[in-house]
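Report on one structure; see the data block that follows.
What you see below is based on every heavy atom in this structure, not just the backbone, and it leaves out hydrogens, waters and symmetry mates. To find a chain, count down the sequence lines: A is the first, B the second, and so on, and within it residues start at 1. Because the structure is predicted, anything quoted here is derived from the model rather than measured.
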Amino acid sequence: MKSFVRYSELFGKTFRQPPKDESSRNAQLLEQAGFISKLMAGVYTYLPLGLRVLNAVKDVIRREMDALGAQEFYMPALQPKEIWEKTGRWKDLSDIMYQFPDHSGRQVGLAATHEEVITHIVKQRITSYKDLPLALYQIQDKFRDEPRAKSGLIRGREFSMKDLYSFHADEKDLDSFYNRVAASYLSIFSRLGLQALMIEAAGGSFTKRFSDEFQVISDAGEDRIIYCPSCHFAQNSEIAEQKAGGPCPKCHGSLSEKKGIEVGNIFKLGTKFSDSIGATFTASDGSTHPLIMASYGIGPGRLVGTIVEVSNDAQGIIWPKSVTPFQIHLVQLSKGLEEKKKTERLVHDCLNAGLTILLDDRVASAGVKFKDADMVGITARMVISTSNENQLEVKIRNESASKKMNASQAIEFVKNYYAE
RNA sequence: CGGGGAGUAGCGCAGUGGUAGCGCACUCGCUUUGGGAGCGAGGGGUCGCAGGUUCAAAUCCUGUCUCCCCGACCA
């Protein structure tokens with residue numbers, strides 16, 4: 001990705017007003033600031049700025065997945081009906097899965113999830129306990145014909161998902177990997193500046209067991225969480241036996257109900273899919289067993305929406321430094337030839353320091369540039385102008401005061417800020 | 001799928017039967033330049049779509065599509 005972009009050339013500038021046909025905070029801000037563009041309900045284009053954020057979120061996830069020892073791969077979204085019939089989910093998911101005939105009349109579908117295909121592939125290539133455990137993940141778009149897409153990037157019909165699948169020879173191995181993934185998920189959310197709670201929830205069409213959800217408390221959420229403020233005990237209200245106002249089963253504090261955005265969900269699948277697809281392995285004693293499986297999902301697009309939902313102010317978005325589309329929003333207020341040269345030297349020095357820069361080089365008033373910088377929400381802003389001889393102004397988006405310093409101090413300051 | 005709201009210029013809006021306008025944005029010129037500058041001159045429209053009523057429809061009638069919100073639903 002380009003590390004230096006001129007705002008004058010950027011596709012996707014700010015709008016003066018928020019779009020009329022969005023009322024969720026995340027969609028309003030992301031559309032107004034030029035990150036996304038709606039094509040239809042629940043389907044959005046990521047404009048250059050939005051794609052940079054989405055990719056940054058994916059990178060945070062990739063680093064954690066790779067650290068778990070999982071291998072990245074990529075499955076098709078277009079899938080034949082037959083494989084879904086083996087598990088009975090062609091019918092079970094027919095309300096939510098896009099299913100249609102191709103030119104020859106053959107029934108195909110767009111993937112709402114990938115358990116069927118992954119199990120099919122693993123069946124072909126895994127035969128021995130020596131190949132286990134195995135963990136594979138992909139980041140790909142999923143398609144769900146939601147009865148009601150809503151809340152901008154929170155509930156879409158086409159949306160990015162990171163799905164990880166693990167395969168084990170026994171339950172004990174599954175449990176230990178599952179716990180590692182759970183810890184890894186908490187680390188991902190924390191790197192993204194989100195406080196996520198891991199809570200018990202229903203298993204849906206995946207498993208009869210409970211699953212574990214990761215919820216970020218927010219009024220924009222659609223799930224109701226029974227939550228204990230003192231010990232952080234939490235359950236999805238769909239399975240909770242306790243009620244708001246009642247005593248917490250762990251610490252006897254008083255339970256409250258909060259809304260949460262589900263940013264991740266992990267399932268112990270057991271042998272549900274390997275049984276129906278016939279994916280088995282040979283154990284050390286020569287006996288044959290179905291693979292024991294789990295699947296783990298995170299929605300990168302939904303995370304972008306969630307971050308905006310919980311991190312903004314009246315002026316616009318406030319990106320956490322881990323996913324800011326650029327590291328520096330450089331506001332150029334002077335336009336003299338000498339000043340432009342100074343700006344170019346500064347850009348050059350920033351690039352040498354490994355920093356990414358969005359330069360607002362437009363012929364526009366200072367007010368417009370400041371408003372837009374706040375709207376776009378890049379973590380660090382630098383101002384270069386004639387009124388401050390040899391001084392730059394550095395301001396962190398979520399702090400109120402700016403600091404004056406010379407160019408090399410400013411670069412050092414910003415570099416250290418991101419390194420922390 | 002039930003209830004509510006909304007579709008008019010790129011964005012936000014006004015326009016209750018006489019052939020479409022405002023602000024912002026855009027283009028050109030001049031002046032401005034530290035928190036959404038000023039003046040002047042321009043360009044941009046199948047009024048969501050279809051049918052109907054009428055001499056005449058953005059406006060009235062019928063149907064339909066789309067978007068937002070609440071609910072139902074939610075791998």
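B:U27 and B:A9 have their C1' atoms separated by 15 Å, given to the nearest Å. Nucleotides B:G38 and B:A25, compared at atom P, are 9 Å apart to the nearest Å. B:G23 and B:U62 are spaced 36 Å apart, taking the P atom of each and rounding to whole Å. B:G18 and B:U59 have their P atoms separated by 11 Å, with the value rounded to a whole Å. B:G71 and B:A50 have their P atoms separated by 36 Å, with the value rounded to a whole Å. Taking atom C1' in both B:G7 and B:U46, one finds a spacing of 15 Å when rounded to whole Å. If you take atom C1' in B:C70 and the same atom in B:U53, they sit 37 Å apart, rounded to whole Å. To the nearest whole angstrom, the two P atoms, one in B:U64 and one in B:C39, are 49 Å apart.
B:C11 and B:G23 make up a base pair, with Watson-Crick or G-U wobble contacts both under 3.5 Å. Remark: B:C1 base-pairs with B:G71; criterion is Watson-Crick or G-U wobble with both hydrogen-bond distances under 3.5 Å. Within the shown strands, nothing qualifies as a pairing partner of B:A57 under the Watson-Crick or G-U definition with both distances less than 3.5 Å. Pairing for B:U16 is absent, judged as Watson-Crick or G-U wobble with the two contacts each under 3.5 Å.
The nearest whole Å value for the distance from the CE atom in A:Met375 to the C1' atom in B:G35 is 15 Å. Straight-line distance from the CD atom of A:Glu22 to the P atom of B:G12: 10 Å, rounded to whole Å. Put simply, CG on A:Asp360 is 13 Å from C1' on B:G35, counting in whole angstrom units. For the pair A:Gln32 CD and B:G36 P, the interatomic distance rounds to 16 Å; values are reported in whole Å. Following rounding to the nearest Å, A:Gln17 (CD) and B:G10 (P) show an atom-to-atom distance of 15 Å. The CZ-C1' distance, from A:Arg157 to B:U66, rounds to 11 Å in whole Å. B:G4 atom P lies 21 Å from atom CG of A:Asp21, rounded to whole Å. If you take CD of A:Glu31 and P of B:A25, they are 20 Å apart, rounded to a whole angstrom.
Counting any heavy atom pair closer than 4.0 Å across all strands shown, A:Leu333 reaches a base atom. A:Lys142 comes within contact range of no nucleotide atom at all, as no heavy-atom separation falls under 4.0 Å. A:Asp95 comes within contact range of no nucleotide atom at all, as no heavy-atom separation falls under 4.0 Å. If you check every strand for non-hydrogen atoms under 4.0 Å, A:Ala41 touches sugar and phosphate atoms only. Counting non-hydrogen atoms under 4.0 angstrom, A:Lys369 reaches nothing in the nucleic acid. Looking at heavy-atom distances under 4.0 Å, A:Asn265 makes no contact with the nucleic acid at all. Using a 4.0 Å heavy-atom criterion, one finds that A:Ser37 contacts no nucleic acid atom at all. In this structure, A:Met97 reaches neither bases nor backbone, as no heavy-atom distance under 4.0 Å exists between it and the strands shown. A:Lys20 comes within 4.0 angstrom of the backbone, heavy atoms only, and of no base.
Considering only side-chain atoms of A:Arg224, the nucleotide from B:C69, B:G71, B:G34 that sits closest is B:G71. Nearest to the side chain of A:Lys371, among B:G36, B:G34, B:C70, sits B:G36. The nucleotide whose nearest atom lies closest to any side-chain atom of A:Phe370 is, among B:C69, B:A72, B:G34, B:G34. Comparing B:G36, B:C67, B:G12 against the side chain of A:Pro19 picks out B:G12 as the nearest.
Counting atom types as modelled, A:Arg381 pairs a side-chain N or O with a base atom of B:G35 as donor and acceptor under 3.5 Å. Judged by distance alone, with hydrogens and angles left aside, A:Arg16 brings no side-chain donor or acceptor close enough to the base of B:G23 to form a pair under 3.5 Å. Between the base of B:G35 and the side chain of A:Asp374 there is a donor-acceptor pair shorter than 3.5 Å.
Under the 3.5 Å distance criterion, with hydrogens and angles disregarded, a donor-acceptor pair is assigned to the side chains of A:Asn26 and A:Glu309. The closest side-chain donor-acceptor pair between A:Ser187 and A:Glu64 falls under 3.5 angstrom. A:Asp163 and A:Tyr165 are linked by a side-chain donor-acceptor pair at a separation below 3.5 angstrom, with hydrogens and angles left out of the test.
Phosphate contact (OP1/OP2 of B:G36, side-chain N/O of A:Ser365, threshold under 4.0 Å): absent. Phosphate proximity of B:C68 to A:Lys38: present, with a side-chain N or O under 4.0 Å from OP1 or OP2.
A distance below 6.0 Å separates the ring centres of A:Trp319 and A:Phe35. Taking the six-membered ring where the residue is Trp, the centroids of A:Tyr296 and A:Phe267 are separated by 6.0 Å or more.
Nucleotides of RNA chain B nearest to A:Ser295 and A:Val368 differ in position, and the one nearer the 5' end is that of A:Val368. Taking the nucleotide of RNA chain B with the nearest heavy atom to each of A:Met40 and A:Arg148, the more 5' of the two is matched to A:Met40.
Cation-pi check for A:Arg52 over A:Phe326 is met; the charged atom lies under 6.0 angstrom from the ring centroid and within 45 degrees of its normal. In this structure, A:Lys403 is not positioned above the aromatic face of A:Phe413 in the sense of NZ or CZ being under 6.0 Å from the six-membered ring centre and within 45° of the axis.
With respect to the salt-bridge test (charged N to carboxylate O, under 4.0 angstrom), the residues A:Lys272 and A:Glu115 do not qualify.
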